[in-house]
2 protein chains.
Amino acid sequence: MNDRPDTKTRILDAAEKLFGMKGFDSTSLRDITAEAEVNLAAVNYHFQSKDSLMEAVICRRIEPVNRRRLELLEATGENPTVDDILRAFLVPVIVELNISSVAPLLGRALADPGQFLERIIRTQFAPLGQRFAEALGRALPDLSPAEVVWRQHFMVGGMTHLLMWRPYLKEMTGGLCDSSDREALLERAVVFFGAGFRAPSFAGVAQEEHLVAERN
Amino acid sequence: MNDRPDTKTRILDAAEKLFGMKGFDSTSLRDITAEAEVNLAAVNYHFQSKDSLMEAVICRRIEPVNRRRLELLEATGENPTVDDILRAFLVPVIVELNISSVAPLLGRALADPGQFLERIIRTQFAPLGQRFAEALGRALPDLSPAEVVWRQHFMVGGMTHLLMWRPYLKEMTGGLCDSSDREALLERAVVFFGAGFRAPSFAGVAQEEHLVAERN
DNA sequence: GTCTATAGGTTGATAGAC
DNA sequence: GTCTATCAACCTATAGAC
């Protein structure tokens with residue numbers, strides 16, 4: 001008992017927590033090794049550099065989440081509803097993620113353009129986003145492909161913000177918003193974003209589309 | 001002609017651009033003075049510290065935006081619709097903000113909990129959020145106060161994400177999402193978030209509210 | 001694999017001449 | 001107000017003993 005995880009895992013755990021709390025650049029390797037109670041040099045032994053560590057920390061969590069999303073998406077069958085698709089996307093992060101430090105980390109990973117994260121986003125998120133956009137497009141045949149992607153962008157933003165502010169939300173709202181009930185949180189999100197996706201395109205866009213169609 | 005702004009303004013402009021692009025901690029004072037073409041010591045002369053500079057940079061932009069939001073909110077009259085209220089909130093950042101470097105900056109300010117920004121959020125955003133939550137609550141009498149704040153949180157997240165990723169969006173989506181037409185962007189957002197706000201509360205929440213009401 | 005020691009660079013901030 | 005010069009603290013990364 002009291003089997004302390006190996007050094008590599010301890011570093012990943014500590015980095016995950018601190019990166020999520022303070023951000024990537026504000027967290028030094030010394031912060032991490034202090035939190036993990038390991039030697040400073042161990043970081044460069046197990047991971048070559050701070051950048052590699054950041055990538056490892058993020059990928060360890062993002063990969064299973066995104067795999068699970070695709071799994072749930074396939075499980076929705078032939079003609080899923082919008083809500084089915086949204087659930088496949090949101091359940092792995094809102095309901096199934098039970099390590100509290102992961103949510104802020106993923107939030108930051110999605111909220112920091114320009115970071116080296118661009119590569120991760122391209123490899124880990126772009127293909128996933130495309131699969132979900134296709135599914136949503138089939139469920140919403142009246143929306144143009146661009147409109148689907150725009151709305152997806154809005155939803156990802158809302159979810160990202162939720163992941164990142166969840167630890168502070170209850171205090172910030174004076175106890176009004178309690179995020180401990182994950183199932184309720186999921187339903188709230190599905191209701192809100194589902195209604196957004198199902199809303200008809202506004203006239204201006206319809207006109208644009210019409211013009212484009214006329215030109216062909 | 002060629003009237004170069006004074007040093008203080010040049011520093012604010014450069015810091016705004018770089019903070020928005022790279023984040024607060026990743027931007028050094030030397031980066032800023034190089035971009036502004038001023039002397040390093042000028043930063044500590046005009047602003048006492050890097051933290052003060054960060055605060056000044058953010059407040060210079062947030063204050064007029066939030067003032068304008070309240071102005072537009074009051075202009076909606078006695079019984080504004082949900083869309084009216086959303087427009088009052090979104091127009092100042094999506095349509096009227098015509099300095100391209102400001103959007104990413106505000107996005108980062110909203111996407112970085114734990115930063116010293118907590119104070120700014122408390123002083124600059126909390127009162128504003130409350131005013132808008134009240135207006136939305138009156139326009140949506142079937143929603144509980146908590147539900148209104150949750151949905152507001154989703155919307156702020158979507159807007160924040162939009163502000164931050166706008167410069168990269170067109171390239172990321174292969175040209176599918178063009179954010180140069182601000183009026184269209186505003187309408188897209190109003191349609192999406194408006195529908196989300198107007199969606200009925202899901203059953204689980206209604207039950208909760210009922211139980212709370214019964215207890216009193 | 002884990003440690004100490006340290007190299008080599010960058011950071012924020014300031015003192016003091018002009 | 002603006003500059004040069006500099007400090008002390010911090011950083012990442014590595015070399016080499018155990």
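Lettering of chains follows the sequences in order, A, B, ..., and the numbering in each one begins at 1.
Geometrically, A:Lys8 engages A:Phe47 in a cation-pi contact, judged by NZ or CZ lying under 6.0 Å from the ring centre and within 45° of the ring axis.
Rounded to whole Å, atom C1' of D:dC11 lies 9 Å from atom NZ of A:Lys50. In this structure, CZ of B:Arg30 is placed 13 Å from C1' of D:dC11, rounded to the nearest angstrom. Going from atom CG of A:Leu53 over to atom P of D:dA13 covers 10 Å, rounded to whole Å. Atom-to-atom, CG of B:Asn39 to C1' of D:dT4 comes out at 8 Å; the value is rounded to the nearest Å.
Of the N and O atoms on the side chains of B:Thr76 and B:Asp84, not one donor lies less than 3.5 Å from an acceptor on the other residue.
Annotation: side chain of B:His153 is not in contact with side chain of A:Met172 (no heavy-atom distance under 4.5 Å).
In summary, contact between chain A and DNA chain C, defined as any nucleotide atom under 4.0 Å from a heavy atom of the protein, begins and ends at C:dG1 to C:dT4 in the 5' to 3' direction.
The nearest heavy atom of DNA chain D to A:Gln48 and to A:Ser28 marks one nucleotide each, and the one closer to the 5' end goes with A:Ser28. Each of B:Leu29 and A:Thr7 has a nearest nucleotide on DNA chain C; the 5'-most of these lies closest to A:Thr7.
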Verify side-chain hydrogen bond (donor to acceptor under 3.5 Å, both in side chains) between A:Ser180 and A:Asp178, making sure each step is shown before the conclusion. CA-CA 6 Å; A:Ser180 59; A:Asp178 182 4; 3.0 Å; yes

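Every pair tested for salt bridge (charged side-chain N to carboxylate O under 4.0 Å, His left out) that includes a residue from residues 38-50 of chain A fails, sequence neighbours excluded, so the list is empty.
No engagement by A:Ala42 is indicated, since no non-hydrogen atom pair under 4.0 Å with the nucleic acid exists.
Applying the side-chain hydrogen bond (donor to acceptor under 3.5 Å, both in side chains) rule to B:Ser101 yields the partners B:Glu16; only residues at least two apart in sequence or on another chain are considered.
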